[in-house]
Peer 1: 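Below is a structure I'd like to ask you about.
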Amino acid sequence: MKLALAAISASSYWWIEFPFDLLDDWSGSALGNTHWPLHTIAVIFGVLVMAPYAAASRMPLLRMLAMCVVSALIYFLAIEFVTDGPFSYNTITPYLISGGGAALLVGLTVVVLAPCKAAWGLFVLCLVAGVIGGAAFEDSVWLGSGFHEIGGHLTWQVLVCLALHLGLRPTST
């Protein structure tokens, strides 16, 4: 079920961002270059993948809301690192670092805000998942926009969801 939610979350890229790309192509305007659809995708990841870990905690709605906000912030920082960071946008390096770093931050956020503790390899699993997901994003840049970019979202989100599932253990509240 968790992986299905991650896949649904990743598919939100298509139904949120893709229409803006089409409108941009059709009108020649910069409407597709706005960042709010990307933040919406990150919030959906927070709602469907991260927030359920806080459902059994004290003040669950506040913790779930915090996870959604942090998810959007992580996504924003990951994009900024790739586009404006110290490495060339045309190499795989910023994607690997950004994907791995974002996945580590997701794991840390869930450990801090949910009644979960990290099992033996949570952060290793998150790092590996994020790096592989980052590579998928870099690959999608070369394949083009639209349907192909969903592959980066799908790979990163499903692998990070799997890392959380395998690397977290519930604790008593």
Side-chain angles (χ1 to χ4, degrees), residues 1-13 16-17 35 38-57 60 62-87 89 91-141 149-173:
M1 181 59 147
K2 290 177 184 179
L3 294 178
L5 290 175
I8 291 168
S9 172
S11 71
S12 70
Y13 173 82
I16 292 174
E17 179 67 18
H35 290 292
L38 298 176
H39 297 297
T40 305
I41 294 164
V43 169
I44 292 170
F45 178 78
V47 167
L48 295 179
V49 176
M50 296 171 67
Y53 286 101
S57 66
L62 183 60
R63 289 173 189 251
M64 293 166 117
L65 178 62
M67 284 190 186
C68 294
V69 169
V70 171
S71 180
L73 180 62
I74 291 169
Y75 199 97
F76 171 76
L77 293 173
I79 291 171
E80 286 297 310
F81 184 83
V82 169
T83 59
D84 297 326
F87 301 100
Y89 185 80
T91 66
I92 195 168
T93 305
Y95 294 94
L96 299 178
I97 294 170
S98 182
L104 286 171
L105 289 173
V106 166
L108 181 63
T109 300
V110 174
V111 167
V112 169
L113 292 176
C116 296
K117 64 179 180 175
W120 63 269
L122 171 67
F123 296 110
V124 171
L125 290 170
C126 283
L127 181 62
V128 170
V131 167
I132 293 169
F137 270 102
E138 193 277 337
D139 209 27
S140 69
V141 169
E149 286 183 5
I150 196 170
H153 288 278
L154 185 62
T155 303
W156 189 90
Q157 289 190 24
V158 168
L159 289 177
V160 170
C161 178
L162 186 60
L164 291 174
H165 177 72
L166 295 173
L168 288 171
R169 299 293 176 254
T171 63
S172 58
T173 55

Peer 1: Atom CD1 in I92, atom CZ in F87: separation rounded to 0.5 Å?
Peer 2: 13.0 Å
Peer 1: So which heavy atom on T109 is nearest to which on L105, and how close?
Peer 2: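 Nearest heavy atoms, T109 then L105: OG1-O, 2.7 Å.
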Peer 1: Shortest non-hydrogen contact from A119 to L166?
Peer 2: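 Looking at all heavy atoms of both residues, the closest pair is CB-O, 4.5 Å.
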Peer 1: Taking side chain as C-beta onward, heavy atoms only, is L125 less than 4.5 Å from L164?
Peer 2: no
Peer 1: What's the shortest heavy-atom distance between A129 and W156, and which atoms?
Peer 2: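 Closest pair (atom of A129, atom of W156, distance): O-CD1, 4.5 Å.
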Peer 1: Between atom CG of L127 and atom CG of L122, what is the distance when rounded to the nearest 0.5 Å?
Peer 2: 11.0 Å
Peer 1: What are the two closest heavy atoms between G107 and C126, and how far apart are they?
Peer 2: CA-SG, 4.0 Å
Peer 1: If you take all heavy atoms of A54 and R63, which pair is closest and at what distance?
Peer 2: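 In terms of heavy atoms, the two residues are closest at CB-CB, 3.9 Å.
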Peer 1: Which label fits H153 and Y75: parallel for a plane angle under 30°, tilted from 30 to 60°, or perpendicular past 60°?
Peer 2: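 It falls in the parallel class, under 30°.
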Peer 1: Is there side-chain contact between L162 and V158, with at least one heavy-atom pair below 4.5 Å?
Peer 2: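 Counting from C-beta outward, L162 and V158 never come under 4.5 Å.
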Peer 1: Contact between L113 and Y53 at the side-chain level, heavy atoms closer than 4.5 Å - yes or no?
Peer 2: no
Peer 1: Is it the case that the side chain of T155 and the backbone of G133 share a donor-acceptor pair, with hydrogens and angles ignored and the cut-off at 3.5 Å?
Peer 2: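 Judged by distance alone, no pair lies under 3.5 Å.
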Peer 1: Within the structure provided, determine whether V160 and V49 are in side-chain contact (heavy-atom separation under 4.5 Å).
Peer 2: no
Peer 1: How close do M50 and M67 get, heavy atom to heavy atom, and via which atoms?
Peer 2: O-SD, 3.1 Å
